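Here is the structure we will look at, set down as structure tokens.
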Protein chains: 2
Amino acid sequence: MSSEVRGERRGVKGHPKSGPSIGDVARLAGVSSQTVSRVSTGSEPVKAETRERVLDAMRQLGYAPNLAARALRRGNFRSIGLIAHQVIRTGESKTIEAVIEAARREGYSVSLVDVESPSSSDVSEAVQHLSHQAIDGLIIIRAETATPAALALPPTMPVAVSDSRFIGHHPAVGADQVGGSRAAVQHLLDLGHGVVHHIAGPSDSGPADLRATAWKQTLVDAGREVPEPFGGDWSAETGYKIGNEIAQRDDVTAVFAANDEMAAGLMHALHEAGRRVPDDVSVVGFDDIDLAAHLWPPLTTVRQEFHQIGHDLVEVIMRQLGGREQLTGYHGTVPAPLIVRQSTAAPRKRRRTRR
Amino acid sequence: MSSEVRGERRGVKGHPKSGPSIGDVARLAGVSSQTVSRVSTGSEPVKAETRERVLDAMRQLGYAPNLAARALRRGNFRSIGLIAHQVIRTGESKTIEAVIEAARREGYSVSLVDVESPSSSDVSEAVQHLSHQAIDGLIIIRAETATPAALALPPTMPVAVSDSRFIGHHPAVGADQVGGSRAAVQHLLDLGHGVVHHIAGPSDSGPADLRATAWKQTLVDAGREVPEPFGGDWSAETGYKIGNEIAQRDDVTAVFAANDEMAAGLMHALHEAGRRVPDDVSVVGFDDIDLAAHLWPPLTTVRQEFHQIGHDLVEVIMRQLGGREQLTGYHGTVPAPLIVRQSTAAPRKRRRTRR
DNA sequence: AGGCATTCTGTTTACGTAAACATTCTCCCC
DNA sequence: GGGGAGAATGTTTACGTAAACAGAATGCCT
């Protein structure tokens, strides 16, 4: 209703609205604007009484520092850019949370861009978009295939990447994909499965590639046959479709899915076909999303310490911002432990005919 | 190794590093800085030949506009703040995606803050934090109990909220919680269940309250008994614990959980106890997260059109930024349809003893 | 050909802040 | 109580950009 109070904007000249400035506060408090600045930033000491007077004036005027001006003067924004890939839906959303939390602790805010596909062009576009934004550093989660060269960044922009493909080009932090995958496959072999099948992630994904390779190598090392992997795309829906195939095959007793969503879809299909998990087919996922423990049966999976990764990514940025540290070759690895739940068991002696 | 190329920073005076400026480009191109500005913004026409010359100079120098200066001059940041509450882990993460996408389409970036608890103080703190950030508008997702008064915002800051509690105070966009909840409960009643139990969300949550109230009202309208609701906290873990209780009770044949995670935990507990879903107990969730269709059994649930909500939130902000529209009373409602899958069925005539 | 509208370009100025330097004040010591 | 060190405060200036205004070039019409 009453709206007469609004519209307090400064109509002067062609300049846009703006709140009270440092000068307004100075005038009211009877000090110089520099003193107001000192109170505002706390950079230099101000006599207690003066400070009080300034703070009062600030409150009275509802003063808030103009961050554009401050950023212009200081040359930084206290903000970092974050590029993610649909990632918000997967377990990696925790990485985002951790990045935001850690950045905030450092007094930085986070500007988020979500690219639809992890393809080179999309990420480049996002980089383009973001590097034109007001950021002091850039974190890229799952850049997948983008080649380092494709990232046309200002050379002074600190970068941290959670994708092993960038090792040697940009500082990277990532889970121990290989170790986790090997542990998963070995776990199934140890249970007595003769062979372990794999539902892979999309072929253009770095992590998917690492997991598939580690799976293959573990089988080879154990002297086992390496079956053709199933090609997935991370989605539960695809896991379900592949599951329908697998459910038809008596010879598949153990499956290592490249992520939990696909594992869930797989189990869904197996249930529907009347195949039992883990009695008929053992399933292992990857990520340990929150729901993994409450799927049926609770999913054995490889945990990614997303929180740790996010935290470390911010640390890498901060180190670049702080000292003039050269971290190009840096590569932090976070352990990826196998979490054994109830979706894996020793294979049955011999299955009777299906159903 | 070779690092002599780095450190191209301007060492002059006490001023921080910075790339080439509009003036440097102007000098190289042999035009005035204003012309460079015109090319950069495209605000006014520039002769094709001149523009080319300027663009060349820009490329040559690797010029990128200084956004702090631009923001200072223009009085806006082309950025909006987004406050979320652990929301990244739930279905509402899709809202975030949609907000980011829609904002980007408008040329805005998104600054994200994730508060740990939805409590008044935390949200206020986040608002405080963000309103001191470089943003032109603010979107709050699930502010839960924060009272409008608690949001000490600059009066000119456009706000959009996805929480019905703010209706009348701030423009709001939200799913039709009541309609969706009623449909869920009615569905169970229609199947023949005598009474429907409820696993509620946390008591300080607005949406949880709406769902609980709608559940109760639907039962009352049908002339049914209203049992004591179970108190949850959105987590699958709690759903599981409550499920262990419910599994002991023969009288519970239908449960409406306030979200999908709790429904998943509930089903987990029921499975473990040997109770069958939906044969012994029917379960309905809320949200329709991606995995809902691939839980076992696939979960009947109320879909929240998060994408739509996110999109609408941005639209509300843009309308405030554009015209001087007064939207305080605005409240957009997005339908929340019931998605029937396989976790619900008519009750068995009479259950034998447990197990 | 002259005049005027149109298009293009240049000059001046201000946005709000904080570093650098300059000045004033305070208080302590001999 | 005079001198001086240090603390407190003030003055000047520049950060990079774009709006406002001013001036120059071009073209078009009669």
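Each chain gets a letter, A, B and so on, in the order its sequence line appears, and its residues count up from 1. Everything quoted here is computed from the prediction, not taken from an experiment.
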Practice prompt. Select from B:S43 and B:A68 the residue whose nearest nucleotide in DNA chain D is closer to the 5' end of that strand.
Written response: B:A68
Using atom [atom1] of [X] as one end and atom [atom2] of [N] as the other, report the distance to the nearest whole Å.
X	N	atom1	atom2	answer
B:R51	C:dT7	CZ	C1'	13 Å
B:D24	D:dT17	CG	C1'	13 Å
A:E49	D:dA7	CD	P	19 Å
A:F77	C:dG16	CZ	P	18 Å
A:R70	C:dC15	CZ	P	18 Å
A:N66	C:dA14	CG	P	17 Å
B:L72	D:dT17	CG	P	11 Å
A:N76	C:dA19	CG	P	11 Å

Does [X] reach a base, just sugar-phosphate, or nothing at all? Heavy atoms under 4.0 Å.
X	value
B:T50	sugar-phosphate
B:T41	sugar-phosphate
B:T35	sugar-phosphate
A:S40	nothing

N or O in side chain of [X] less than 4.0 angstrom from [N] OP1/OP2:
X	N	result
A:S37	C:dA18	yes
B:R74	D:dT17	no
A:S32	D:dG10	yes
A:S33	C:dA18	no

Among [options], which nucleotide has an atom closest to any side-chain atom of [X]?
X	options	result
A:S21	D:dG16, C:dG10, C:dT17	C:dT17
B:I22	C:dT17, D:dA18, D:dT9	D:dA18
A:Y63	D:dT9, C:dT17, C:dG16	C:dT17
B:K47	C:dC8, D:dG16, C:dG16	C:dC8
A:P45	D:dA18, C:dT9, D:dA8	D:dA8

Please find the pair of heavy atoms, one from [X] and one from [Y], that lie closest to each other, and give the distance.
X	Y	answer
B:R78	B:Y108	C-CD2, 3.2 Å
B:S33	B:I22	O-CD1, 3.5 Å
A:A103	A:I80	CB-CD1, 4.0 Å

Worksheet item: Mapping B:A69 and B:E44 to their closest nucleotides on DNA chain C, which lands nearer the 5' end?
Response: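 Its nearest nucleotide lies further toward 5', so the answer is B:E44.
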Fill in: B:Q320 (side chain) donor-acceptor with B:V316 (main chain) under 3.5 angstrom
yes
Worksheet item: Should B:D24 and B:R27 be marked as a salt bridge (charged side-chain N to carboxylate O under 4.0 Å, His left out) after you check the CA-CA gap, both sets of side-chain angles, and the distance that decides it?
Response: CA-CA 5 Å; B:D24 300 328; B:R27 209 166 310 116; 3.4 Å; yes
Item to complete: Please evaluate the base of C:dA19 for a donor-acceptor partner in the side chain of A:Q34 within a cut-off of under 3.5 Å?
Response: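 Answer is yes: a donor-acceptor pair is held.
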Item to complete: With B:R70 as the cation and B:F77 as the aromatic partner, state whether NZ or CZ is under 6.0 Å from the six-membered ring centre and within 45° of the axis.
Response: no
